[in-house]
Amino acid sequence: MPNGSEIAVLDVDSIRADFPVISREIHPGVPLVYLDSAATTQKPSQVIEAVTSFYQHQNANIHRGIHRLAEEATEAFEDARQRVADFIGAPSPRQVIFTRNATEAINLVAYSWGRANLKRGDLIILTEMEHHSNLVPWQMLAAERELRLAFIPVTEDGLLDLEVYKDLLEGCPQLVAFTHMSNMLGTINPVTEMTQMAHQAGAVVLIDAAQSVPHLPVDISNLGVDFFAFSSHKMCGPTGIGILYGREELLDAMPPFQGGGDMIKRVRLDSFTVNDLPYKFEAGTPPIAQGIGLGAAVDYLSSLGMQAVRQHEQHLIARALDRLEEIPGVRVYGPSAEHRGGVASFTLEGVHPHDVAQILDDRGIAVRAGHHCAMPIHEKFNLLATTRASFYLYNTLEEIDQLVDGLYKVKEIFS
Ligand code: 7TS
C-alpha cells in the first residue's frame, strides 16, 4: 500500500488542479476536503468550459432549426450521446436516452415498461440496499397494479445473500432491479452473475448504476443487462441530465413516457405517431448544455482511464477502512475493501452523525450525515443515520488522515 499522496495510478496533483472548487478555502486558512462525491462530484474546468463555450458560441434549440447555430448545437448534443454510448459499451446511441437524472430514468422504465408489461400478481425482485429511487417507483407501481415485491436480504457484512436470491427466482419474477453499487454500504454487486440468473428465470433486469458508472469500468455487453440508469452529476458532469440505456427491442416495444415536442413524428388534432429511438422518450427541449457538458466529462474520465480511477479508489477505501476502524467507538458498515467502492458510512459511539458532520465541517471536511436516501438499509442495521465519507479521483490519502484526525477531535469534544 503506497504512503502519503503517492498513488501511482493517477496523477492526483494535476487532477486536483483541474477542479476549481477543490482549491477553495472553506474558512479562512482552512482548505476544502471534499468527501461527499457519492452525493455529487465536483466538476473539472474541461466540463465547465464546455458548458460555458456552448452558451457563448452555439446556444440554440436542437433538432428543429435549419440555421447554423441550431445545426451546430444539434451536432454537439448528438456527438455527446455517441460518446456516452461508447463509454458504457452500448451498441448504438439509439439506446441512450437522456433524462433528468438516474431517478427519472428508473421512473421512465417503471411508467412505460412497467405499465405495459406488468399485471396483477406479477413479481418484482429488489434488494434491501436500494436507494429510494430504485424502490419508491416500484412501490408506486406495485400499489397501482397489485404487484408483489420481494427483497434480496443483505448479510451482516453488507453483501447480497445470493442463496436467498436463488430461492426468490423460483417465484418467476418479471423484473429484477438492483443497484450496481450501494451508496450506503459501498458494496459492489456481481451484476453479470445476477443478471444471468435473472435471465434464466425469464426476468428483465434493471440496474441502478448511479454509483458504478462514475467509478468502475463498465461494459454493457459484458454485463448483459436490459436497463441501466445513471446520472451525469455523479461523474464530473453537470446536474440536470441522466441516462437510461435500454435493450433496443424493449425500448422499441415500450409506449412513450411523456408527450410533447420531439417525441412525435406527426400530430393531428386527434392523434399522433411516435418518433424513433431515442427521441421517443425525450419530450420537450432536452438538457442541451448539460448533455454537451456530460460529453466533456466522459472525455475527461476516458483520458484518465476507468481502470485507473477504480484502482485509485481501491487504495483510498483500503486506507479509509484501516484508519477508521482503529478509532475506538467507530463502526464502519459494509464489506471489506475488495467488495466495495469508495464509500464508507460509519457511526461514532455516543455522537449523532449530524454533530460529527458539523464538527468536521469546521475543519473544512465535507461529509454527508443522514440516511442518504437509503432508509431501509439503515433500518436493517438498526440505524437512523450514519456519517458517510465518499471518495473520488481527486481525493488523496492525506485527506483520509485529515478525516481521521477530525474524528479524534470530535471524540475529544464529546468526551
Ligand atoms: N441510485 C443511487 C445508488 C444513488 O446513490 C443515487 C443518488 C441515485 C440513485 C439517485 O440519483 P439522482 O441523480 O437521480 O438523484 N445518491 C445520492 C447520495 O448518496 N447522496 O445524495 C444523492
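Start at 1 and go down the list; that is how both ligands and their atoms are numbered. All values below were derived from every heavy atom in this structure, side-chain atoms included, with hydrogens, water molecules and symmetry-related copies excluded.
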Between [options], flag the one that comes closest to [atom] by a heavy atom.
atom: atom 19 (O) of ligand 1; options: R388, H372, Q211; value: R388
atom: atom 11 (O) of ligand 1; options: K234, E130, H131, R368; value: K234
atom: atom 3 (C) of ligand 1; options: N107, T103, D208, T40; value: D208

Answer with yes or no whether G242 contacts ligand 1, where contact means a heavy atom under 4.0 Å from a ligand atom.
-> no

Could you tell me, atom by atom, which parts of ligand 1 come under 4.0 Å of a heavy atom of [X]?
X: H233; result: 12 (P), 13 (O)
X: S231; result: 11 (O), 12 (P), 13 (O), 14 (O)
X: T179; result: 3 (C)
X: S133; result: 8 (C), 9 (C), 10 (C)

Within-4.5 Å side-chain heavy-atom neighbours: S212 and F230 | no

Counting both backbone and side chain atoms, is some N or O of M181 under 3.5 Å from an N or O of ligand 1?
-> no

Is the shortest distance from a Lys or Arg side-chain nitrogen in R145 or D122 to a carboxylate oxygen in the other one below 4.0 Å?
-> no

Are D299 and R83 ion-paired here, with the side-chain N under 4.0 Å from a carboxylate O?
-> yes

Ignoring hydrogens and geometry, is there a side-chain-to-backbone donor-acceptor pair from Y333 to F381 under 3.5 Å?
-> no

T179 side chain vs M181 backbone, donor-acceptor pair below 3.5 Å | yes

Centroid separation F281 to F257 less than 6.0 Å | no

Parallel, tilted or perpendicular, as decided by the 30° and 60° cut-offs, for the rings of Y300 and F19 | perpendicular

Should the proximity of A210 to ligand 1, defined as any heavy atom under 4.0 Å, be assigned to the side chain, the backbone, both, or neither?
-> side chain

